[in-house]
Engineer: 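Got a structure here, written out as C-alpha cells. Questions coming.
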Number of protein chains: 2
Amino acid sequence: MLHKSNFRELCHQHQLAATHQRQVIYETVISLPGHPSPETIYEKVRRQIPSISLATVYKNIRTFLHRGMLREVSLHHGSLRVETNQKPHHHLVCVECKSIVDLDENRLEPLRLSQKVPRGFEVKRIAVDVLGICEACSAKRARRSKKS
Amino acid sequence: MLHKSNFRELCHQHQLAATHQRQVIYETVISLPGHPSPETIYEKVRRQIPSISLATVYKNIRTFLHRGMLREVSLHHGSLRVETNQKPHHHLVCVECKSIVDLDENRLEPLRLSQKVPRGFEVKRIAVDVLGICEACSAKRARRSKKS
DNA sequence: CTAGATGCAAACAGTTTGCGTCACT
DNA sequence: AGTGACGCAAACTGTTTGCATCTAG
C-alpha cells in the first residue's frame, strides 16, 4: 500500500495531477497478483469508486505505461503478426513505434534454462525480445525535447 | 515458392483439404518479408484471388498456426496485461491457454547481447518468454487423443 | 482561473461466427 | 455423396475518442 503523500510525489515527478481516481487505479494495479487486464483492474477499482468509468481506467493505464510508472507484460502490435523468417532468431522491438526487426540467434549468448521450470510444463522454445527505442523514435524524441 | 505437389502433401500430413485459397494464402505468407498482419496478407492474396474473403484468410491463418505450419510473432493474451511483479523476472507462457507464470530471473542463465544491435537502437531491457504447454493443457491433450 | 481529468456514449479496429452454398476427397 | 471450406454479413471484444462537466493546482 502506498501512502497518499508518496503517490502525490510520484505524480508530481511525472507532471500528473494527483486525482483520487488515479491513485486508486495505481494502488489497485500494484495490489493485484499476476498480470491483470484493464477489465480486471476496473472491476476492483469499482469497489472503491463505483462511479468510475472504464474509459478512465484505460486512459490512466495508458498514461502510467507511457511514463514508465507501469510496464506491460508483452507488447501488442495492434494485430496478429505472422513469422515468415524460418531461421532461429529473436526480435528487436521498439517500445515506442512497435517496429520489429529480426535478430539472428547467434547474436545472443547461448541461452539455457539453468533450473527446472515447474514440473509438467513442456518447454517448446524460448523467445527473446530485446526491447528499446529505435533510431527513428530517438530522433523524434530529441526533436520534441528541443522544441519545449 | 512451393510446388503444388509439396503443398498438397503438406496439407495431407495435417489432414487438411488442399484448396486453392489455402495454397495461395500459405505461399503468400512465406513470400512476404517481415511480420505481416492478416490484413497485409489479405491485400496481397486478393491480387491473385480477388473474390477471396478476409474471413477465409483469418480462418486459414488460425488453422496454420494451430497445426504448427506457421508461428506467430508474439502471443496475444486477448487484452492488455499489466506487470505487477516489480522484481526482475521472465515469463513462462502456455501457447495453448495463454496462461502466464512469472519465472525468477536467476532461473535463467545470465543473458547478454554478444554483439552489437543495429546502431541507434537504445536497448532498455530484454524480455525472455519460455513458451510451451502447461500441465493442465497437456492433460487435456492426452484426454483428447485417448478419446479419438 | 485554467489546463487537464473524468464520465458517458458513440465510434473503431481487429477478429470471429452463423449460415447457405460450393468444392475437395 | 458427404465433410469440410468458402464468402458474406452480422456480431463481438477490447480499446479509443469527442465532448460536456468538473477539479486540482
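Residue numbers start from 1 in every chain, and the chains themselves are labelled A, B, ... in the order their sequence lines are given, proteins ahead of strands. Remember, it's a predicted structure, so these values are computed and weren't measured experimentally.
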Engineer: Can A:Ile126 be reached from A:Val93 by stepping across I, L, V, M, F, W or Y side chains whose heavy atoms are under 4.5 Å apart?
Structural biologist: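 Different hydrophobic clusters.
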
Engineer: Should A:Gln21 be listed as having a side-chain N or O under 4.0 Å from OP1 or OP2 of C:dG7?
Structural biologist: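 Checking A:Gln21 against C:dG7: at least one side-chain N or O falls below 4.0 Å of OP1 or OP2.
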
Engineer: What is the distance, to the nearest angstrom, from the NE2 atom on B:His14 to the P atom on D:dA5?
Structural biologist: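 About 14 Å, once rounded to whole Å.
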
Engineer: Can you give one letter per nucleotide of nucleotides 12-18 of chain D, 5' to 3': B if a protein heavy atom sits under 4.0 Å from the base, S if only from the sugar-phosphate, - if neither?
Structural biologist: --SBBBB

Engineer: Listed by chain and number, what are the side chain to side chain donor-acceptor pair (under 3.5 Å) partners of A:Ser37, not counting sequence neighbours?
Structural biologist: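 Once residues adjacent in sequence are excluded, the partners of A:Ser37 under the side chain to side chain donor-acceptor pair (under 3.5 Å) criterion are A:Thr40.
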
Engineer: Report the distance from atom CZ of B:Arg22 to atom P of D:dG7, rounded to the nearest whole Å.
Structural biologist: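 Spelled out: CZ on B:Arg22 to P on D:dG7 is 12 Å.
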
Engineer: Just N and O in the side chain of B:Thr56: are any of them under 4.0 Å from OP1 or OP2 of D:dG7?
Structural biologist: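 For D:dG7, OP1/OP2 do have a side-chain N/O of B:Thr56 under 4.0 Å.
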
Engineer: Give the rounded distance in Å between these two atoms: CD of A:Gln23 and P of C:dA5.
Structural biologist: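 Going from A:Gln23 (CD) to C:dA5 (P), I get 16 Å.
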
Engineer: Rounded to whole angstroms, how far apart are CG on A:Asn60 and C1' on C:dT6?
Structural biologist: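 A:Asn60 atom CG is separated from C:dT6 atom C1' by 9 Å.
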
Engineer: Write down the protein N/O and nucleotide N/O pairs, taken from nucleotides 21-25 of chain D, whose separation is under 3.5 Å; answer none if there are no such pairs.
Structural biologist:
residue, atom, partner, partner atom, Å
D:dG25, OP1, A:Ala18, N, 3.3
D:dG25, OP2, A:Arg8, NH2, 3.0

Engineer: Measure the distance from CD1 on B:Ile52 to C1' on C:dA23 and round it to the nearest whole Å.
Structural biologist: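 These atoms are roughly 14 Å apart.
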
Engineer: For the helix from C:dC1-D:dG25 to C:dT25-D:dA1, what angle separates the axis at the start from the axis at the finish, each from five pairs, in steps of 10°?
Structural biologist: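 If I round to tens, the end axes sit 40° apart.
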
Engineer: Got a sec, which pairs hit ring pair (Phe, Tyr, Trp, His ring centres under 6.0 Å) with one end in residues 59-88 of chain A, sequence neighbours left out?
Structural biologist: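 Matches after skipping sequence neighbours: A:Tyr26-A:Phe64, A:His76-B:His76.
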
Engineer: What is the distance, to the nearest angstrom, from the OH atom on B:Tyr26 to the P atom on D:dA5?
Structural biologist: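 Going from OH in B:Tyr26 over to P in D:dA5 covers 17 Å.
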
Engineer: Any chain of hydrophobic side-chain contacts (each under 4.5 Å) joining B:Leu10 to A:Val82?
Structural biologist: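 Yes, B:Leu10 and A:Val82 fall within the same hydrophobic cluster.
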
Engineer: Among residues two or more places apart or on two chains, list those pairs meeting side chain to side chain donor-acceptor pair (under 3.5 Å) that have a residue in residues 120-138 of chain A.
Structural biologist: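 Listed by first then second residue: A:Glu122-A:Lys124.
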
Engineer: Only counting residues at least two apart or in another chain, list the ones meeting salt bridge (Lys or Arg N to Asp or Glu O under 4.0 Å) with B:Arg67.
Structural biologist: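 Once residues adjacent in sequence are excluded, B:Arg67 has no partner under the salt bridge (Lys or Arg N to Asp or Glu O under 4.0 Å) criterion.
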
Engineer: Round to a whole Å and report the spacing from CD1 of B:Ile49 to P of C:dA23.
Structural biologist: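 Roughly 13 Å, once rounded to whole Å.
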
Engineer: Is there any side chain to side chain donor-acceptor pair (under 3.5 Å) pair reaching into residues 51-61 of chain B, and which pairs are they, with sequence neighbours excluded?
Structural biologist: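 Passing the test, one end in residues 51-61 of chain B: B:Arg22-B:Asn60.
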
Engineer: Between C1' on C:dC24 and CG on B:Leu10, what's the gap in Å once rounded to a whole number?
Structural biologist: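 One finds 17 Å between C1' of C:dC24 and CG of B:Leu10, rounded.
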
Engineer: Holding to ring pair (Phe, Tyr, Trp, His ring centres under 6.0 Å), I want the full list of residues that pass it with B:His89, two or more places apart in sequence or in another chain.
Structural biologist: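 Partners of B:His89 by the ring pair (Phe, Tyr, Trp, His ring centres under 6.0 Å) criterion, ordered by chain and then number, come out as B:His91.
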
Engineer: Among all residues two or more places apart in sequence or in another chain, which pass the salt bridge (Lys or Arg N to Asp or Glu O under 4.0 Å) test with A:Glu39?
Structural biologist: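 Salt bridge (Lys or Arg N to Asp or Glu O under 4.0 Å) check on A:Glu39 returns nothing, list empty.
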
Engineer: List for me each residue that meets salt bridge (Lys or Arg N to Asp or Glu O under 4.0 Å) alongside B:Lys98, sequence neighbours excluded, and say none if there are none.
Structural biologist: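 Listed in chain order: nothing, the list is empty.
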
Engineer: With sequence neighbours left out, what residues match A:Arg71 under salt bridge (Lys or Arg N to Asp or Glu O under 4.0 Å)?
Structural biologist: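 Salt bridge (Lys or Arg N to Asp or Glu O under 4.0 Å) check on A:Arg71 returns nothing, list empty.
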
